[in-house]
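Below is one structure, written out as structure tokens; the observations come after it.
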There are 2 protein chains.
Amino acid sequence: MTPERPASLSKSGRGPSMHDVAARAGVSHQTVSRVLNDFPGIRPETRERVLQAIRDLGYRRNMAARALATGRSEVIGVIMPEVPHFGPTSTLYAIEHAAKRVGFKPLITTASWEPSSMGQALDFLLARSVDALVVMAQHPDVLAAVETTTDVPVLYVLTGNSHAERSVAVDQVAGTRLALEHLYDLGHRRFQHITGIAGLTEAQLRRDTFLAFLDERGLERLPILEGDWSADAGYRAGLAVEEGVTALFCANDPMAMGAIHALEERGLTVPDDVSVVGFDDVPESGYAHPALTTVHQDFTEVGLRAVTALMEIINGREPGELESVEPWLVVRDSTAPAPG
Amino acid sequence: MTPERPASLSKSGRGPSMHDVAARAGVSHQTVSRVLNDFPGIRPETRERVLQAIRDLGYRRNMAARALATGRSEVIGVIMPEVPHFGPTSTLYAIEHAAKRVGFKPLITTASWEPSSMGQALDFLLARSVDALVVMAQHPDVLAAVETTTDVPVLYVLTGNSHAERSVAVDQVAGTRLALEHLYDLGHRRFQHITGIAGLTEAQLRRDTFLAFLDERGLERLPILEGDWSADAGYRAGLAVEEGVTALFCANDPMAMGAIHALEERGLTVPDDVSVVGFDDVPESGYAHPALTTVHQDFTEVGLRAVTALMEIINGREPGELESVEPWLVVRDSTAPAPG
DNA sequence: GCCCGCCATGTTGACGATAACATCGTGGTC
DNA sequence: GACCACGATGTTATCGTCAACATGGCGGGC
């Protein structure tokens with residue numbers, strides 16, 4: 001079942017235009033425009049007549065015409081990863097809510113990090129004359145691709161803290177360190193890590209920070225377990241956790257849940273034998289078994305800051321310093337002092 | 001190759017237009033239009049010259065102008081609930097993927113089911129001359145509100161099976177019955193139900209079907225436990241499950257996870273003492289503890305059918321029968337024969 | 001060799017809004 | 001009472017595209 005592209009669109013009944021409203025109110029179309037745009041200097045009585053005519057006719061502004069005339073659309077283009085993970089999805093909702101408050105709406109498109117896919121997404125959004133662009137840049141390569149293409153304000157979101165300018169992100173290094181220091185402080189010395197999708201910025205940052213941490217503390221580098229964010233992958237990785245490992249740092253919560261499942265199947269108990277830390281603090285993680293210790297990321301704040309900064313840029317002001325959003329550790333029942 | 005942007009054409013920051021391309025290619029703007037729209041009867045050499053000019057200038061079509069001229073926008077408006085739950089989110093992604101294949105993109109806006117909120121969302125989308133509308137109608141009241149407002153094709157999604165015409169949904173009654181019959185067949189006779197948000201169509205259908213099932217089988221109606229889809233609510237409801245209940249039907253998976261957590265805190269074992277069934281089959285449910293028996297809903301199929309049907313309507317054809325999407329039961333470890 | 005017709009392309013006028021400039025009373029100032 | 005400023009509104013041009021109609025050159029049929 002594949003949808004088929006439309007060949008012809010019925011150009012049936014367009015709604016009333018400003019001229020229709022103007023005629024009905026006995027004014028010029030320009031007066032209607034002024035009423036709609038809250039210009040000063042309209043006689044209250046005239047304004048009321050116009051508003052009445054609008055209501056009578058069920059008139060709705062044609063934003064296409066407005067966009068053509070002004071060059072602005074009050075739409076923010078959002079490029080999302082193709083798979084609905086918790087972070088991007090939460091951020092999207094946060095952006096929508098923040099944008100709504102300033103009269104903007106998000107136009108969504110998904111793209112993989114490949115240049116052609118990203119290019120198509122950009123073309124589509126820019127053709128719609130979006131006023132700004134949010135790119136959920138999960139891969140470092142997309143940055144260059146976007147930069148050269150447009151002069152529309154662009155903000156990168158969910159990039160870790162790797163591109164300080166024009167990007168809003170949760171500090172991945174800090175988050176990872178919170179998790180690892182918590183485990184270290186509990187006495188753990190043998191760590192393994194289940195990664196997110198290889199190459200994605202956040203996965204890479206968590207992984208790099210993990211390795212750096214081991215080196216700093218002089219801990220052994222056991223094999224990295226490659227994951228892909230999914231609980232399935234977490235389960236498979238959990239089966240491969242080495243004997244003697246007591247601390248498992250998972251790049252997100254679903255993988256942590258999968259891994260715990262695998263560990264328990266192997267007869268290991270969490271947290272008595274192995275302590276497990278996740279990342280994201282998804283709403284269910286407090287009710288996992290055992291309740292998951294995890295790094296909380298405030299995606300609502302990310303979305304809010306992104307929209308706020310974009311509004312500044314659109315209005316010609318420089319946005320304030322775009323600081324990283326600080327994550328915090330939520331300690332629950334999946335971590336305990338190292339055994340022995 | 002980086003597109004070059006001659007300063008000559010920049011009229012206050014706007015990109016090049018068809019006229020600029022036409023001038024560079026030595027043709028008329030209409031020929032450019034014809035090339036872009038794949039009209040027949042362009043000499044290959046001319047076409048190539050136009051395409052080259054487009055590349056040279058980094059030209060991008062202005063969809064606002066196109067929308068103004070044609071009345072169509074190749075955008076599907078989507079009205080989503082304000083809270084990012086699994087079903088709507090998954091469906092959104094499915095819609096995006098299906099729409100992309102036919103050159104459409106979703107323009108997202110969220111709204112609560114209140115008329116004013118829904119009205120604002122509609123105004124916004126219709127002003128953007130969307131070619132079609134997908135309404136995730138979680139509340140029965142929205143239907144009337146939308147119908148009277150527009151003649152744009154509208155499709156309701158995620159409505160259970162309660163509005164057969166112009167709606168695509170997973171059959172909630174069937175899904176609920178699958179869950180309950182499974183429990184009944186295992187010998188359970190004392191059931192309780194944790195509901196979704198009161199008033200929402202799907203929550204209501206699951207609840208009604210639950211009660212109908214009890215009556216049909218002559219089972220006792222124990223108190224309904226009111227939930228709100230969240231794991232938190234599931235936990236609280238789990239604490240309130242009556243003594244002697246052996247079968248707990250939860251309106252979604254996160255609540256099931258919360259409830260299981262609560263039951264185990266109370267010293268009850270799942271599934272030995274209480275069998276629990278969820279709804280949705282979220283990706284993590286297979287790794288919950290115990291792995292969750294649940295009703296799988298195919299949101300990908302929902303999104304695909306929605307877009308397919310909308311394309312039919314846009315083309316002036318009647319969409320085929322819009323059948324419910326059939327859910328199926330995934331039996332895992334959270335259900336077992338009734339004790340005793 | 002003329003005319004017809006068709007193929008490839010050019011020209012003009014919407015589409016519905018905004019922006020810039022024009023107009024028309026009206027009341028205050030001197 | 002003439003003049004001017006200004007408040008309220010009207011008029012015209014413009015944004016970039018598509019649709020409808022116009023044109024012009026060229027080959028073929030007779």
Side-chain angles (χ1 to χ4, degrees), chain A residues 6-50 53-54 57-75 126-129 131, chain B residues 9-51 53-54 57-75 126-129 131:
Chain A
S8 68
L9 196 57
S10 62
K11 189 176 164 184
S12 63
R14 292 203 192 201
S17 74
M18 271 193 180
H19 284 92
D20 302 316
V21 173
R24 177 161 186 125
V27 298
S28 77
H29 65 108
Q30 182 59 7
T31 298
V32 177
S33 171
R34 284 192 262 254
V35 168
L36 283 169
N37 293 309
D38 276 328
F39 274 61
I42 306 282
R43 212 158 27 190
E45 162 203 324
T46 309
R47 151 178 262 101
E48 192 42 55
R49 217 152 14 103
V50 170
I54 287 175
L57 296 173
Y59 166 79
R60 235 180 313 248
R61 215 190 210 149
N62 181 326
M63 293 306 277
R66 182 185 164 91
L68 179 57
T70 61
R72 313 185 60 181
S73 60
E74 296 182 340
V75 167
L126 293 174
R128 260 73 185 172
S129 36
D131 295 336
Chain B
L9 55 79
S10 40
K11 256 189 172 177
S12 75
R14 289 208 193 204
S17 74
M18 272 191 181
H19 285 91
D20 300 314
V21 173
R24 177 158 185 130
V27 297
S28 78
H29 66 105
Q30 183 58 10
T31 298
V32 177
S33 172
R34 284 192 263 253
V35 168
L36 283 170
N37 293 311
D38 276 329
F39 274 61
I42 306 282
R43 210 157 30 189
E45 161 203 326
T46 310
R47 152 179 260 99
E48 192 42 56
R49 221 158 6 109
V50 169
L51 292 175
I54 287 175
L57 297 173
Y59 165 79
R60 236 179 314 247
R61 214 190 212 151
N62 182 326
M63 293 305 278
R66 183 185 163 88
L68 179 56
T70 62
R72 53 183 293 182
S73 59
E74 297 181 340
V75 167
L126 293 176
R128 260 73 185 173
S129 35
D131 295 336

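Because the structure is predicted, anything quoted here is derived from the model rather than measured. Here is the naming used below: chain letters follow the sequence lines, and residue numbers restart at 1 for every chain.
The separation between A:Arg49 atom CZ and D:dT9 atom C1' is 11 Å, rounded to whole Å. Taking atom CG on A:Leu68 and atom C1' on C:dG16, their separation rounds to 9 Å, with Å as the unit. Between the CE atom of A:Met18 and the C1' atom of D:dG10 there is a distance of 15 Å, given to the nearest Å. Taking atom CG of residue B:Leu36 and atom P of nucleotide D:dA19, one finds them 13 Å apart after rounding to whole Å. Nucleotide D:dA19 holds its C1' atom 11 Å from the CG atom of B:Asn37, rounded to whole Å. For the pair A:Arg60 CZ and C:dC15 C1', the interatomic distance rounds to 18 Å; values are reported in whole Å. Rounded to whole Å, atom C1' of D:dT17 lies 9 Å from atom CZ of B:Arg66. If you take CG of B:Leu57 and P of D:dG16, they are 14 Å apart, rounded to a whole angstrom.
For the atom pair NE2 of B:His29 and CG of B:Leu36, the computed distance is 12.5 Å after rounding to the nearest 0.5 Å. Atom CZ of B:Arg43 sits about 14.0 Å away from atom CD of B:Glu48, to the nearest 0.5 Å. Taken to the nearest 0.5 Å, the OG atom of B:Ser129 stands 11.5 Å off from the CD atom of B:Glu74.
Within the structure, a side-chain polar atom (N or O) of B:Thr46 is placed less than 4.0 Å from OP1 or OP2 of C:dT9. Taking side-chain N and O atoms only, B:Asn62 has no distance below 4.0 Å to OP1 or OP2 of D:dC15. Within the structure, a side-chain polar atom (N or O) of A:Ser33 is placed less than 4.0 Å from OP1 or OP2 of C:dT18. An OP1 or OP2 oxygen of C:dG10 is reached within less than 4.0 angstrom by a side-chain nitrogen or oxygen of B:Thr31. In terms of phosphate contacts, A:Arg43 brings a side-chain nitrogen or oxygen within less than 4.0 Å of OP1 or OP2 of D:dT9.
Between the side chain of B:Arg60 and the main chain of A:Ala127, no donor-acceptor pair closer than 3.5 Å is present. A:Arg34 places no side-chain N or O within donor-acceptor distance of the main-chain N or O of A:Arg47, the cut-off being under 3.5 Å.
The nearest heavy atom of DNA chain D to A:Gln30 and to A:Gly41 marks one nucleotide each, and the one closer to the 5' end goes with A:Gly41.
As judged by a 4.0 angstrom heavy-atom cut-off over every strand, A:Arg61 is placed among residues touching the sugar-phosphate backbone only. Across all strands shown, B:Ile42 has heavy atoms under 4.0 Å from sugar-phosphate atoms exclusively, and none from any base. Among the heavy atoms of the strands, none lies under 4.0 Å from A:His19.
Considering B:Asn62, B:Val32, B:Thr31, B:Val35 in turn, B:Val32 is the only one that fulfils the side chain to side chain contact (heavy atoms under 4.5 Å, CB included) rule with B:Met18.
Within 3.5 Å, a donor on the side chain of B:Arg34 pairs with an acceptor on the base of C:dG10, or the reverse. For D:dT9, its base never sits under 3.5 Å from the side chain of A:His29 at any donor and acceptor pair.
The side chain of B:Ser17 approaches D:dG16 more closely than any other nucleotide in the set D:dT11, D:dC15, D:dG16. When distances run from any side-chain atom of B:Ala69 to the nucleotides D:dC18, C:dA17, C:dT11, the shortest one goes to D:dC18. Among the nucleotides D:dG10, D:dC15, C:dG10, the one closest to the side chain of B:Val27 is C:dG10.
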